[in-house]
Amino acid sequence: MQSPRPPLYFGGSSDAGIDVAVDTVDKYLTWGEPPAQVAEKVNRVKAVASQRRRKLSFGIRLHVIVRETNAEAWKAADDLIKHVTDETVASAQKIFARMDSVGQQRMSKLHGGRRDKLEISPNLWAGVGLVRGGAGTALVGDPPTVAARIREYQDVGIDTFIMSGYPHLEEAFRFAELVFPLLSLDRSSNVTPIRVNTGPFGETIANETRPLAKASQS
């Protein structure tokens, strides 16, 4: 392969998918499962990679619904699916059930097609997955809450977040304005990003940083 080259991203929850990832790519991706399940998957991939003397980094694919308050965020989540009928949900779930994708099976299992158990982990909402295949979970909450949940994923080894929302442009602006100021994308030093760019797959990349301002003493 040429060097340098674009980084290769790949997701797959089956044993075969993990084999492909470990043998060929730079970054392993997972859909937005609860942090404990993501940690288990990260450790599983790391173990296989270690056996083959390879090292991968890790990313996660999530939707996000952030508002000024938690109440507003949960209302926005409810509004997103309030016009989706039970018949539409049942039809979508039948289609998903016929798929042999292990990742899709894991997504569907999180909610079981039920509307009454959509918060599958604190502030992790599976309502999107009732009718959408693939990435079916969203972080829901006010800015400090969403930032805290992101840090939980960072703590289990995730360094790249590929996020979206409905409608995408409006949610992107909200996230940038409300959540970015609460995140330091360099967790190894006392810095905060002053410019955040997006990579080729929508991942956030902070390529300029400055020290956090120190409180003045008087």
Side-chain angles (χ1 to χ4, degrees), residues 11-14 17-18 28-45 58-67 69-166 168 171 174-175 178-179 183 202:
S13 294
S14 65
I18 290 175
Y28 177 85
L29 297 176
T30 180
W31 286 328
E33 299 176 5
Q37 293 183 30
V38 171
E40 182 274 331
K41 191 182 292 185
V42 166
N43 290 333
R44 182 177 159 206
V45 174
F58 295 87
I60 194 168
R61 174 74 172 89
L62 286 160
H63 304 286
V64 62
I65 302 172
V66 62
R67 297 293 186 273
T69 68
N70 279 309
E72 290 173 325
W74 283 111
K75 183 180 184 302
D78 291 338
D79 288 346
L80 195 61
I81 61 170
K82 68 180 181 182
H83 296 300
V84 176
T85 66
D86 291 341
E87 290 75 15
T88 300
V89 172
S91 177
Q93 293 302 309
K94 285 182 181 179
I95 294 172
F96 301 154
R98 295 196 296 266
M99 297 179 178
D100 63 358
S101 164
V102 174
Q104 182 60 60
Q105 292 168 5
R106 290 169 70 104
M107 280 281 101
S108 298
K109 188 176 180 180
L110 293 175
H111 53 71
R114 298 176 56 174
R115 293 175 182 266
D116 60 335
K117 293 186 177 181
L118 293 179
E119 190 178 4
I120 56 172
S121 182
N123 303 99
L124 184 64
W125 181 71
V128 177
L130 290 176
V131 291
R132 183 196 192 281
T137 55
L139 296 178
V140 180
D142 63 15
T145 299
V146 170
R149 299 300 173 231
I150 288 173
R151 293 190 189 97
E152 289 179 357
Y153 285 113
Q154 289 179 301
D155 288 341
V156 301
I158 300 297
D159 63 26
T160 298
F161 294 80
I162 302 176
M163 293 179 163
S164 62
Y166 301 99
H168 186 72
E171 292 297 342
R174 286 192 184 98
F175 189 84
L178 298 174
V179 183
L183 296 175

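Since the model is a prediction, treat every value here as computed from it, not as a measurement. Residue numbers run from 1 in the order of the sequence given.
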A.B. asks: Is it true that a side-chain atom of Glu119 and a backbone atom of Asn123 form a donor plus acceptor pair closer than 3.5 Å?
C.D. replies: yes
A.B. asks: Restricting to salt bridge (Lys or Arg N to Asp or Glu O under 4.0 Å), what partner residues turn up for Asp79, sequence neighbours left out?
C.D. replies: Lys75, Lys82
A.B. asks: Does the side chain of Val102 come within less than 4.5 Å of Arg106's, by heavy atoms?
C.D. replies: yes
A.B. asks: For the OG1 atom of Thr137 and the CZ atom of Arg132, what is their distance to the nearest 0.5 Å?
C.D. replies: 10.0 Å
A.B. asks: Could you go step by step and tell me if Ile60 and Val38 meet the side chain to side chain contact (heavy atoms under 4.5 Å, CB included) rule?
C.D. replies: CA-CA 9 Å; Ile60 194 168; Val38 171; 4.1 Å; yes
A.B. asks: With rounding to the nearest 0.5 angstrom, report the CD to CZ distance, Gln154 to Arg151.
C.D. replies: 7.5 Å
A.B. asks: Closest heavy-atom contact between Ala147 and Leu183?
C.D. replies: CB-CD2, 3.8 Å
A.B. asks: So do Phe58 and Lys41 actually touch side chain to side chain, heavy atoms under 4.5 Å?
C.D. replies: no
A.B. asks: Does the Tyr153 side chain pair with the main chain of Thr160, one donor and one acceptor, at a distance under 3.5 Å?
C.D. replies: no
A.B. asks: Does any N or O in the side chain of Ser108 come within less than 3.5 Å of the main-chain N or O of Gln104, such that one atom is a donor and the other an acceptor?
C.D. replies: yes
A.B. asks: Using atom types as modelled and distance alone, determine if a side-chain donor or acceptor of Gln37 lies under 3.5 Å from a backbone N or O of Pro34.
C.D. replies: no
A.B. asks: Going by the rule salt bridge (Lys or Arg N to Asp or Glu O under 4.0 Å), which residues pair with Arg61 if we only count those two or more places apart in sequence or in a different chain?
C.D. replies: none
A.B. asks: Are any of the side-chain heavy atoms of Asp155 and Pro35 separated by less than 4.5 Å?
C.D. replies: no
A.B. asks: Hey, are the side chains of Val131 and Ile81 touching, using non-hydrogen atoms and a 4.5 Å cut-off?
C.D. replies: no
A.B. asks: Less than 4.5 Å apart, side chain to side chain, heavy atoms only: is that true for Val140 and Trp74?
C.D. replies: yes
A.B. asks: Between His83 and Thr88, is there a side-chain heavy-atom distance shorter than 4.5 Å?
C.D. replies: no
A.B. asks: Which pair of non-hydrogen atoms, one from Val89 and one from Gly113, has the smallest distance, and what is that distance?
C.D. replies: CG1-O, 3.9 Å
A.B. asks: Checking the side chain of His63 only, and the main-chain atoms of Ala135 only, is there a donor and an acceptor separated by less than 3.5 Å?
C.D. replies: yes
A.B. asks: Passes side chain to side chain contact (heavy atoms under 4.5 Å, CB included), Met163 versus Val179? Steps please.
C.D. replies: CA-CA 12 Å; Met163 293 179 163; Val179 183; over 6 Å; no
A.B. asks: Any heavy-atom pair between the side chains of Lys109 and Glu33 that's under 4.5 Å?
C.D. replies: no
A.B. asks: Using 0.5 Å steps for rounding, measure from the CE atom of Met99 to the CD atom of Gln105.
C.D. replies: 10.5 Å
A.B. asks: For Glu171, enumerate each residue passing the salt bridge (Lys or Arg N to Asp or Glu O under 4.0 Å) test, keeping only those at least two apart in sequence or located in another chain.
C.D. replies: Arg67, Arg174
A.B. asks: Could you give the distance from OG1 (Thr30) to CD1 (Ile162), rounded to the nearest 0.5 Å?
C.D. replies: 11.0 Å
A.B. asks: Passes side chain to side chain contact (heavy atoms under 4.5 Å, CB included), Asn70 versus Asp142? Steps please.
C.D. replies: CA-CA 5 Å; Asn70 279 309; Asp142 63 15; 3.3 Å; yes
A.B. asks: Testing Phe175, Tyr166, Trp125 for side-chain contact (heavy atoms from CB on, under 4.5 Å) with Ile65, which one passes?
C.D. replies: Trp125
A.B. asks: Working to the nearest 0.5 Å, report the span between CZ of Arg149 and OG of Ser121.
C.D. replies: 7.0 Å
A.B. asks: Between Leu130 and Leu118, is the side chain to side chain contact (heavy atoms under 4.5 Å, CB included) condition met? List the steps.
C.D. replies: CA-CA 9 Å; Leu130 290 176; Leu118 293 179; 4.0 Å; yes
